[in-house]
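This report concerns only the one structure given below.
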Amino acid sequence: MAAAPGQKVQAGEKLAVIEAMKMENVLFAAQDGVVAEVFAAKGESLAVDQQIIRLE
């Protein structure tokens, strides 16, 4: 996770890196905002369509 709750982020800023089948997918902020909640922890397995980060 590159972002933490309360952190201000700008559009295009890296929020997290998700690894799946030895490939890395980088998640970027779609808009400016503040990280309200982080729902996933480092090393945690994620489900399809699971929310990872919520921006305000």
Side-chain angles (χ1 to χ4, degrees):
M1 299 305 269
Q7 179 180 341
K8 291 182 181 181
V9 294
Q10 295 180 337
E13 189 172 336
K14 181 170 71 170
L15 298 176
V17 178
I18 308 300
E19 183 180 316
M21 300 192 60
K22 298 186 181 180
M23 294 184 65
E24 291 185 347
N25 297 298
V26 181
L27 303 179
F28 296 99
Q31 61 191 27
D32 294 351
V34 176
V35 178
E37 289 183 77
V38 176
F39 298 103
K42 182 177 180 179
E44 181 180 343
S45 293
L46 303 174
V48 174
D49 294 331
Q50 177 180 337
Q51 188 172 11
I52 300 167
I53 294 177
R54 182 173 64 88
L55 298 179
E56 290 183 333

Closest heavy-atom pair and its distance - Ala30, Ala11: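 Looking at all heavy atoms of both residues, the shortest contact is O-CB, 4.0 Å.
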
Among residues at least two apart in sequence or on other chains, which ones pass side-chain contact (heavy atoms from CB on, under 4.5 Å) with Gln31?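 Partners of Gln31 under the side-chain contact (heavy atoms from CB on, under 4.5 Å) test: none.
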
Which residues pass the side-chain contact (heavy atoms from CB on, under 4.5 Å) test with Lys14, not counting sequence neighbours?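 Applying side-chain contact (heavy atoms from CB on, under 4.5 Å) to Lys14 gives Ala2, Val17, Val26, Phe28.
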
Say you draw a straight line from CG of Leu55 to CG of Leu15; how long is it, rounded to the nearest 0.5 Å?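 Here the interatomic distance stands at 6.0 Å.
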
Please report the interatomic distance CE(Met1) to CD1(Ile53), rounded to the nearest 0.5 Å.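 So the CE of Met1 and the CD1 of Ile53 are separated by 3.5 Å.
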
Which hydrophobic side chains are connected to Met21, either touching it within the sub-4.5 Å cutoff or through other members that do?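 None; Met21 is a cluster of one.
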
May I ask you to list the residues sharing a hydrophobic cluster with Val48, side-chain cutoff 4.5 Å, ordered by chain and number?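 Reading the cluster by chain and number, Val48 sits alone, since nothing else belongs.
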
With sequence neighbours excluded, give me every side chain to side chain donor-acceptor pair (under 3.5 Å) pair touching residues 17-26.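 Pairs touching residues 17-26 that pass the test: none.
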
List, one per line, each side-chain donor-acceptor pair under 3.5 Å for residues 33-47, sequence neighbours excluded.
unit_1 : atom_1 : unit_2 : atom_2 : d
Glu37  : OE2    : Arg54  : NE     : 3.2
Glu37  : OE2    : Arg54  : NH2    : 3.0
Glu44  : OE1    : Ala41  : N      : 2.8

